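Convention: sequence-line order gives letters A, B, ...; per-chain numbering from 1. The analysis underlying the following values was restricted to heavy atoms, covering all of them including side chains, and did not include hydrogens, waters or symmetry mates. Just so you know, these numbers come straight off a predicted model, no measurement behind them.
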Protein chains: 2
Amino acid sequence: MATQPPSSLSDLSAAAIEASGPAFSPLYQQIKALITRSLQSGEWKPGEAIPSEVDLAARFKVSQGTVRKAIDELAAENLLVRRQGKGTFVATHTEEKVQYRFLRLMPDDGEVGPVERRFIDCRRLRAPADVARALELRSGDAALQIRRVLSFKEQPVVFDDIWLHGGLFKGLTAERLSDYRGPMYALFETEFGVRMIRAEEKLRAVAADATSASLLNVSEGSPLLSVERLSHTYGDKPVEFRRGLYNTAAHFYRNEVS
Amino acid sequence: MATQPPSSLSDLSAAAIEASGPAFSPLYQQIKALITRSLQSGEWKPGEAIPSEVDLAARFKVSQGTVRKAIDELAAENLLVRRQGKGTFVATHTEEKVQYRFLRLMPDDGEVGPVERRFIDCRRLRAPADVARALELRSGDAALQIRRVLSFKEQPVVFDDIWLHGGLFKGLTAERLSDYRGPMYALFETEFGVRMIRAEEKLRAVAADATSASLLNVSEGSPLLSVERLSHTYGDKPVEFRRGLYNTAAHFYRNEVS
DNA sequence: AAGTGGTCTAGACCACGAT
DNA sequence: TCGTGGTCTAGACCACTTG
């Protein structure tokens, strides 16, 4: 049997990718792109199982090993979750086990309790210049601003100032936010079909201003951890920009570096 | 040809691993452990090439694919570096390209300049309780304390208070530190055979005390980013505990979350 | 028992780097 | 040209989950 058809894949949609320039791209990367496209288009929704490796191999006319390698990478990027004996599933923010996956705050005593959320406001307005730049909006385009406080054990710890891409979150109100059970990213996913994939964060130490001091119940000028986050959905499209102020008196931001 | 000898590996050192209990362990994990052992024992030194996949497959009496999967994971953990056409190399802190791999500080303007180091002191003394606990020393065991300041563009930005496992760094002096060109972790690797593999960090915002304020040229009480880092070498053995204070007026700590 | 992902093998060819 | 890692295939059996 002939091994390795020379990266042709002529009669299926991968051809489109292959055709776009002389750049060499491994087959499994093309498969990965096709799977990503199906995720993006909503063919398979968060929480659902995608077709089995054998099925996908047949569909794309490649070997199971090639599909496997594509899925391996998508799983490593947290877009998919493999479960032996059951199947491969689209990752979601709604599962208990991985809730608040992006929140890297830990209590000093290690006891991770429940988090209470209080929304200050939720307004639709024109994006300020810096937000517009981050979200790749034209300055003046609509954006959504949400401000809220997260508390642990009755103590306010996080004050978030959140800016969302206006076009993607039409109809989001303070009420819907308050009514929703679970993390905000789960709501975005369920109600607006926007799934957060990855985020870049910039951390700084800053002094509390009057507003944050009163909301976090610290004195003005107290050191707070500022976390600026730019979150992306499929295709590395930026959709959320937020600035969180963390009171790190009894909590810390954990990170692993290697 | 018979596929998959039933995880026997009877006549080589993997047998030792296999023998230790009824726990199932994939062949490639056993190979991975064997390779890690060779790295740890210094059979292959940082910067050197390890044997080719074919050679390793012959040595361990498994297929190349199995060796490949083991190496894939070690490369993902930054223990090895693959270079197509050349070979697979033991990762090192001495290369220009990946220097200060653990330092996640970035200048706001994006211009990464050279870093100047100034050592305040380097003393051998008994480990305080918290350091002893972190480094798994008996309280009272010898430890090495180093304090230094890092500057970018003439501006002091980082004040580090570093504690090292006493037994592993005999003969380390302020002079050797100052004389050495390059990152401290490169020195540890070259001169003491201690390679930092991964680290856990805890970040907080704190107020500058008198010492750090004067060293970092800020006023007392200014917010500083406190970064507590516990670094590990092979076998997850903790060997360094440090607390860095970062002036984030013109720099930020970057992180990616997914 | 059937279906899924997980492991393992053997062998082929490709892309890259050094010679 | 040769040796290295990188890709791809085809097929086998193992481990886990569900019916």
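Across the protein-nucleic acid pair, Phe60(B) atom CZ and dT9(C) atom P stand 13 Å apart, rounded to whole Å. As a whole-Å value, the separation of Lys61(B) NZ from dT9(C) P is 13 Å. Atom CZ in Phe89(A) sits about 9 Å away from atom P in dG5(C), given to the nearest Å. Summarising the geometry, the separation between CZ on Arg83(A) and C1' on dG3(C) is reported as 16 Å, rounded to the nearest angstrom. Note: CD (Glu73(B)) to P (dC8(C)) measures 11 Å, nearest angstrom. When the P atom of dG11(C) is taken as reference, atom CD of Glu53(B) falls 16 Å away, rounded to whole Å. For the pair Asp72(A) CG and dC8(D) P, the interatomic distance rounds to 13 Å; values are reported in whole Å. One atom, CG of Leu80(B), and another, P of dG5(D), lie 11 Å apart when rounded to the nearest Å.
Counting only N and O atoms by type, the side chains of Glu201(A) and Tyr253(B) include no donor and acceptor under 3.5 Å apart. A donor-acceptor contact closer than 3.5 angstrom is absent between the side chains of Ser258(A) and Glu77(B).
Note: His165(B) and Phe241(B) fail the aromatic proximity criterion, with ring centroids not under 6.0 Å apart.
With sequence neighbours excluded, the residues that form a side chain to side chain contact (heavy atoms under 4.5 Å, CB included) with Arg254(A) are Arg104(A), Met106(A), Phe252(A). For the side chain to side chain donor-acceptor pair (under 3.5 Å) test, residues two or more places apart in sequence or in another chain that qualify with Thr66(B) are Ser63(B). For Phe119(B), there are no ring-ring contact (aromatic ring centres under 6.0 Å, His included) partners two or more places apart in sequence or in a different chain. Checked against salt bridge (Lys or Arg N to Asp or Glu O under 4.0 Å), Asp55(B) has no partners two or more places apart in sequence or in another chain.
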If you restrict it to nitrogen or oxygen atoms, what contacts under 3.5 Å exist between nucleotides 16-19 of chain C and the protein, and what is each distance?
from, atom 1, to, atom 2, distance (Å)
dC16(C), O4', Gln84(B), OE1, 2.9

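Taking only side-chain nitrogens and oxygens, Arg68(B) comes nearer than 4.0 Å to OP1 or OP2 of dG6(D). When the side-chain nitrogen and oxygen atoms of Arg82(A) are compared with OP1 and OP2 of dG6(C), one or more of them lie within a distance under 4.0 Å. Put simply, Thr88(A) has a side-chain N or O that comes within less than 4.0 Å of OP1 or OP2 on dG5(C).
Of the two residues contacting DNA chain C, namely Gln64(B) and Lys69(B), the nearest-nucleotide position lying further toward the 5' end is that of Lys69(B). Residue-to-nucleotide proximity on DNA chain C shows that, of Val54(A) and Gln29(B), the 5′-proximal contact is made by Val54(A).
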Set out, in order, the CA-CA distance, both residues' side-chain angles and the distance that settles ring-ring contact (aromatic ring centres under 6.0 Å, His included) for His251(B) and Phe152(B), then state yes or no. CA-CA 10 Å; His251(B) 294 76; Phe152(B) 304 88; 5.1 Å; yes
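Listed candidates were dA10(C), dT7(C), dT9(D). Nearest to the side chain of Ser63(A) is dT9(D).
Across residues 43-52 of chain A, Ser52(A) each have a non-hydrogen atom less than 4.0 Å from an atom of DNA chain C (numbered order).
The pair Arg198(B)-Asp236(B) meets the salt-bridge criterion, with a side-chain N (NZ, NE, NH1 or NH2) lying under 4.0 Å from an Asp/Glu carboxylate O.
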